[in-house]
Amino acid sequence: MSSTGSDDSYFLLVDCNSFYASCERVFQPALRKRPLVVLSNNDGCLIALTPEARRLGLELGDPYFKKQDVIEKNNVAVRSSNYTLYGDMSRRVRSTLKQFSPHLETYSIDEMFLRLTGSPHRDLTQYGHHIVQTVKKCTGIPVSVAIAPTKTLCKVAMERAKIEGQEDVQNTANWKDPEAVLATLPVEDVWGIGSAYARTCRQAGIKTALDLRNCSSRWARNNLTVTGLRRKRELQGISCIPLEPGSAPKKRITCSRMFGEKITEFQDLREAVLTYTRHACKRLRDDEQCAATVQVFIRTDRFVEEKKYSSITLQGLSQPTDSTHVIARKACRCLEEIYRPHYRYHKAGVILSELVPRDKIQRSLTKAETSPPDEKMMHVFDEINKKFGKNSLQLLGEGLEKNWHMRRNHLSPAFTTRWQQLPIAHTV
DNA sequence: TCTGGGGTCCTAGGACCC
DNA sequence: TCTGGGGTCCTAGGACCC
């Protein structure tokens with residue numbers, strides 16, 4: 001495997017094994033001996049599986065209702081997704097990893113890249129094992145580690161680490177025959193090659209990661225855009241995708257949900273849209289940003305044979321704001337614009353975009369929709385919800401019944417974020 | 001009855017300008 | 001017959017990720 005050879009730096013990828021399922025197991029030891037699956041929002045499909053569940057033939061993305069018989073027959077434990085818990089566990093893993101390198105990128109809730117430069121640890125593989133043990137000890141979460149000269153090769157190595165029977169620490173430098181590893185990886189399993197690009201590749205006879213590495217740069221650029229060309233070069237060991245430390249400010253914030261039951265009435269949709277607006281605005285303030293545009297969309301079920309309708313519209317704010325009230329008014333106007341009666345709606349969402357950092361806003365003297373008292377009120381609003389739970393204080397228009405609420409029939413307690421729900425240890 | 005939610009980046013094409 | 005060339009900005013749609 002060629003490498004840039006320009007320096008002695010490496011990327012190290014840490015991936016939490018079956019992350020959501022592992023989080024559930026940390027606080028419920030009884031689950032450790034049982035196969036376990038975690039469901040998506042609305043208990044729709046399987047989004048995390050322990051290896052035991054995989055061995056029963058269950059797969060990521062399977063609709064829950066189609067697999068219920070297998071699940072019941074084999075006494076598989078089922079949990080609704082509990083993002084508050086997973087987010088908190090992710091933070092614990094991240095703070096543990098910071099002791100190994102200051103150059104850390106949070107790639108997703110369960111994956112982190114580290115960049116090691118001039119590491120005193122000559123034996124990087126051993127170092128990887130040390131990281132696995134430390135994270136397990138400090139957080140209870142099992143992780144795998146991949147070490148390579150580029151991020152894409154880290155992902156290749158991670159694919160290997162996840163194969164049963166393979167080492168959970170993979171260092172490409174130690175592979176006896178790297179080409180053989182690349183030749184066994186189907187091209188669609190390369191990071192950045194999805195189903196559409198994979199089809200293009202296969203039509204051109206490019207079937208494996210090795211084929212992609214060896215294809216002409218011109219072909220990659222013309223058929224897979226610059227992103228495909230980058231993947232090819234990364235497979236060659238030339239780093240094109242840098243570490244992105246810190247968290248770049250978000251460019252948009254979306255809150256959308258499918259409903260537990262289909263709804264037709266404007267009033268119900270309005271309640272849902274207001275609830276999503278409140279959640280989105282809270283995230284906006286957490287991000288210390290303001291939005292200049294609000295978008296609202298509604299749609300019927302695309303899987304069912306019935307009258308379909310889908311629409312989206314937007315409203316601009318005269319001045320960027322993070323005020324739930326101001327944004328909620330605009331969101332309602334959007335909804336009025338796109339709502340059509342007699343359809344059975346299935347999903348709605350709110351998107352905040354054209355975000356600007358709060359401290360960079362040009363104050364308008366004439367058209368202020370957000371006044372300083374509003375800012376104070378939002379602060380109080382957030383503080384109350386922080387103290388008493390995130391839905392304690394809502395907008396009046398959100399309603400009380402919420403017959404559109406999503407299903408979460410298997411939710412675990414908020415072990416790490418609510419005092420009342422702390423796990424209790426018993427002495428024997 | 002029942003198929004997630006939240007993001008980013010890239011490109012093509014149209015509008016517009018000089 | 002023959003209808004510029006080059007640039008920017010915006011948007012929609014496609015593709016990808018976890």
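Below, chains carry the letters A, B, ... as their sequence lines are ordered, and counting in each starts from 1. Predicted model only: the values in this text are computed from it and were never measured.
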Separation of B:dT3 atom P from A:Phe259 atom CZ, nearest Å, is 13 Å
Would you indicate which nucleotide in B:dG4, C:dC18, B:dG6 comes nearest to any side-chain atom of A:Ser256?
B:dG6
A:Met258 has a side chain; which of B:dT3, C:dC18, B:dT8 sits nearest to it?
B:dT3
Would one find a side-chain N or O of A:Arg199 under 4.0 angstrom from OP1 or OP2 of C:dC16?
no
What integer distance in Å separates A:Arg257:CZ from B:dT3:P?
15 Å
Would you classify A:Arg221 as touching base, sugar-phosphate or nothing, given that sugar-phosphate means primed atoms plus P, OP1 and OP2, and contacts are heavy atoms under 4.0 Å?
sugar-phosphate
Tell me: CG of A:Asp110 to C1' of B:dG7, nearest whole Å?
15 Å
Students often get this wrong, so: under 4.0 angstrom with heavy atoms, is A:Glu111 touching a base, only sugar-phosphate, or nothing?
sugar-phosphate
Crowding at CZ, A:Arg233 (>12 non-hydrogen neighbours, <6.0 Å):
no
Given C:dC18, B:dT8, B:dT3, the nucleotide with the shortest approach to the side chain of A:Ser108:
C:dC18
Taking atom C1' of B:dG6 as reference, at what distance in whole Å does atom CD1 of A:Ile351 sit?
10 Å
For the side chain of A:Trp191, starting at C-beta, report the closest nucleotide among C:dC17, B:dG7, B:dC2.
C:dC17
Parallel under 30°, tilted from 30 to 60°, perpendicular over 60°: which one fits the rings of A:Phe259 and A:Tyr276?
parallel
What is the separation between atom CD on A:Glu188 and atom P on C:dC18, rounded to the nearest whole Å?
14 Å
Over how many whole Å does the gap from A:Asp15 atom CG to C:dC18 atom C1' extend?
10 Å
According to a strict under-4.0 Å criterion, is A:Lys347 in side-chain N/O contact with OP1 or OP2 of B:dG5?
yes
Figure out the CG/P separation between A:Asp189 and C:dC17, and round it to whole Å.
10 Å
Answer with base, sugar-phosphate or nothing: what part of the nucleic acid does A:Val190 contact at a heavy-atom distance below 4.0 Å?
sugar-phosphate
Check whether any side-chain N or O of A:Lys151 sits under 3.5 Å from a backbone N or O of A:Ser239 as a donor-acceptor pair, and report yes or no.
no
Please figure out whether A:Pro63 or A:Lys251 has its closest DNA chain B nucleotide nearer the 5' end.
A:Pro63
Side chain of A:Ala196 (C-beta onward), nearest among B:dG5, C:dA15, B:dC10
C:dA15
Please determine if a side-chain N or O atom of A:Thr227 lies less than 4.0 Å away from the OP1 or OP2 oxygen of B:dC10.
no
Give the nucleotide from the list C:dC16, B:dC10, B:dT8 with an atom nearest to the side chain of A:Thr225.
B:dC10
Nearest-Å distance once atom P is located in both C:dC18 and B:dC2:
30 Å
Under 4.0 Å, heavy atoms only, any strand: does A:Tyr64 hit a base, just the sugar-phosphate, or nothing?
nothing
Has A:His346 got a side-chain N or O lying under 4.0 Å from the OP1 or OP2 atom of B:dT3?
yes
Can you tell me the pairing partner of B:dC18 across any strand shown, Watson-Crick or G-U wobble, with both distances under 3.5 angstrom?
C:dG5
Mind checking A:Arg231 for me? I need base, sugar-phosphate or nothing, with any heavy atom below 4.0 Å counting as a touch.
nothing
Salt-bridge criterion met for A:Lys162 and A:Asp15 (N-O under 4.0 Å):
yes
Output the single nucleotide from B:dT11, B:dC2, C:dC18 whose closest atom is nearest the side chain of A:Phe65.
B:dC2
What do you reckon, are the aromatic ring centroids of A:His103 and A:Phe113 less than 6.0 Å apart?
no
Can you tell me if A:Lys67 touches the phosphate of B:dT3, counting only side-chain N or O atoms and a distance under 4.0 Å to OP1 or OP2?
no
Ion pair A:Asp88/A:Arg91, N-O distance below 4.0 Å
yes
If the cut-off is 4.0 Å, is A:Lys262 near the phosphate of B:dC2, judged by side-chain N/O to OP1 or OP2?
yes
Between B:dG6, C:dA15, B:dT3, which one does the side chain of A:Lys66 approach most closely?
B:dT3
Applying a 4.0 Å non-hydrogen cut-off, can you work out what A:Ile193 is touching in the nucleic acid: base, sugar-phosphate, or nothing?
sugar-phosphate
Any carboxylate oxygen within less than 4.0 angstrom of a Lys/Arg side-chain nitrogen, looking at A:Arg115 and A:Glu105?
no
When the distance from NE2 of A:His279 to P of B:dG7 is rounded to whole Å, what number comes out?
13 Å
Go nucleotide by nucleotide along DNA chain B from the 5' end; which of A:Ile47 and A:Arg230 gets its closest nucleotide reached first?
A:Ile47
Which is true for A:Ile253 with a 4.0 Å heavy-atom rule: it touches a base, it touches only sugar-phosphate, or it touches nothing?
sugar-phosphate
